[in-house]
There are 2 protein chains.
Amino acid sequence: MDNQTFRDFFLGFIKIHILYHAAKEPIYGQEFADELNRHGYKISFGTLYPIFHRLEQKGLLIAENKNVKGKVRKYYIITEKGNEILKEARLKAKELVDELFEN
Amino acid sequence: MDNQTFRDFFLGFIKIHILYHAAKEPIYGQEFADELNRHGYKISFGTLYPIFHRLEQKGLLIAENKNVKGKVRKYYIITEKGNEILKEARLKAKELVDELFEN
DNA sequence: TACATTAATATCGAATTCCGATAACGATAT
DNA sequence: ATATCGTTATCGGAATTCGATATTAATGTA
């Protein structure tokens, strides 16, 4: 599968995963991108950061700046609203994927 | 979940579902849109038809015009390449969704 | 003090995609 | 002939995506 098709199909999944990870612990862009890379998923910062910004604007994440070894990191954690959306999205995602395996 | 968020998260899933359905039987736009609607998923024709066109251009679907009761329908079926992509996408989708339920 | 380095976020402009609305199509019915 | 019907195509504006580049702020080092 070429990269363009991959992103076309899976960028939405990745957005849900952002919520999922931000529900478990605070996350920040660089680290999240690295983890995606480790799993073979590439996403440009020019795509990733605006996604964080929009999720924040929609009230699904909140950001907090933190100084770590002199570098400013922007940690995101999920909001209550974000958690509701996450649960809903997770169920829908499961339904849709289960269907793909129905004969 | 508002409609915009929904589409943002799930349009990729829907594209995979297009391949899935076109692998089972010939599908056409109007009918596919109706079925999405029945399941509560709304997608505009201005979005749907270009998706079909691009999947065709990429060689994942092929189209065949058919006259049904005097109306021209464009039936799409999956290609061999499309089938490979579908299988790959389905596995990745399953992995990603399973992860969402870990812990 | 100045300057380079580093980890990280922000933003740019071009290309692509998405969307609701509108147009177009071609066959049948009136 | 023209109205209607089911269907596909396309329009223009908005939003998103992308790779590349700029920016930030603290630290290290000369």
Side-chain angles (χ1 to χ4, degrees), chain A residues 1-19 21-22 25-38 41-58 60-77, chain B residues 1-18 21-22 26-38 41-58 60-77:
Chain A
M1 176 169 2
D2 64 286
N3 231 305
Q4 201 214 330
T5 302
F6 174 78
R7 276 191 303 246
D8 195 21
F9 285 177
F10 292 106
L11 191 51
F13 284 74
I14 288 175
K15 289 171 184 171
I16 299 173
H17 267 259
I18 289 176
L19 292 185
H21 280 103
E25 63 200 343
I27 60 173
Y28 65 100
Q30 192 80 239
E31 177 197 50
F32 188 79
D34 288 348
E35 208 200 310
L36 283 179
N37 267 318
R38 250 177 278 123
Y41 305 121
K42 281 171 198 162
I43 181 173
S44 141
F45 287 118
T47 303
L48 186 59
Y49 284 119
I51 288 173
F52 276 116
H53 299 164
R54 285 195 299 273
L55 290 174
E56 188 184 12
Q57 278 178 343
K58 285 182 189 168
L60 309 189
L61 296 179
I62 45 177
E64 188 183 351
N65 285 344
K66 207 171 177 181
N67 264 289
V68 179
K69 294 182 192 168
K71 306 300 180 308
V72 178
R73 283 184 195 165
K74 201 161 195 172
Y75 276 102
Y76 290 92
I77 58 175
Chain B
M1 178 169 0
D2 63 286
N3 232 305
Q4 200 215 329
T5 302
F6 174 79
R7 275 191 303 247
D8 196 22
F9 286 176
F10 293 106
L11 190 52
F13 283 75
I14 288 175
K15 288 170 185 173
I16 299 173
H17 266 260
I18 289 175
H21 284 288
I27 60 173
Y28 65 100
Q30 191 80 242
E31 177 198 52
F32 189 79
D34 287 348
E35 206 199 311
L36 284 178
N37 267 318
R38 248 177 280 123
Y41 306 122
K42 280 168 200 165
I43 183 172
S44 138
F45 287 117
T47 303
L48 185 58
Y49 284 119
I51 288 173
F52 276 117
H53 299 164
R54 286 195 299 273
L55 290 174
E56 188 182 13
Q57 277 177 342
K58 286 182 188 165
L60 310 188
L61 295 180
I62 45 176
E64 188 183 351
N65 286 343
K66 206 171 178 182
N67 265 289
V68 180
K69 292 183 194 166
K71 306 301 180 309
V72 178
R73 283 185 195 164
K74 200 163 196 171
Y75 277 101
Y76 290 92
I77 59 175

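Just so we're on the same page: letters track the sequence lines, and every chain starts at 1.
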Whole angstrom is fine here: how far is it from [atom1] in [X] over to [atom2] in [N]?
X     : N      : atom1 : atom2 : answer
B/R54 : C/dT16 : CZ    : P     : 11 Å
A/H53 : C/dT9  : NE2   : P     : 9 Å
A/Y49 : D/dG19 : OH    : P     : 15 Å

Original post:
Looking at B/Q30, does any N or O in its side chain come under 4.0 Å of the phosphate oxygens OP1/OP2 on D/dA9?
Top reply: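 False: B/Q30 side-chain N/O out of range (4.0 Å or more) of D/dA9 OP1/OP2.
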Original post:
OP1 or OP2 of C/dG20 sitting under 4.0 Å from any side-chain N/O of B/R7?
Top reply: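 Yes, because at least one side-chain N or O of B/R7 sits under 4.0 Å from OP1 or OP2 of C/dG20.
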Original post:
Is it true that a side-chain atom of A/H21 and a backbone atom of A/H17 form a donor plus acceptor pair closer than 3.5 Å?
Top reply: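 Checked: pair present.
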Given [options], which nucleotide is nearest the side-chain atoms of [X]?
X     : options               : answer
B/D8  : C/dA27, C/dA8, D/dT17 : D/dT17
A/K74 : C/dT9, D/dT8, C/dC18  : C/dT9
A/Y28 : C/dT9, C/dT17, D/dT16 : C/dT9
A/S44 : C/dA8, D/dG19, C/dC19 : D/dG19
B/K71 : C/dT17, C/dT9, D/dT7  : D/dT7

Subject >> Enclosure of B/E64 CD (heavy-atom neighbours >12, cutoff 6.0 Å) >> reply: no
Original post:
Considering heavy-atom distances to DNA chain D, does A/I43 or B/F45 have its closest nucleotide positioned more toward the 5' end?
Top reply: B/F45
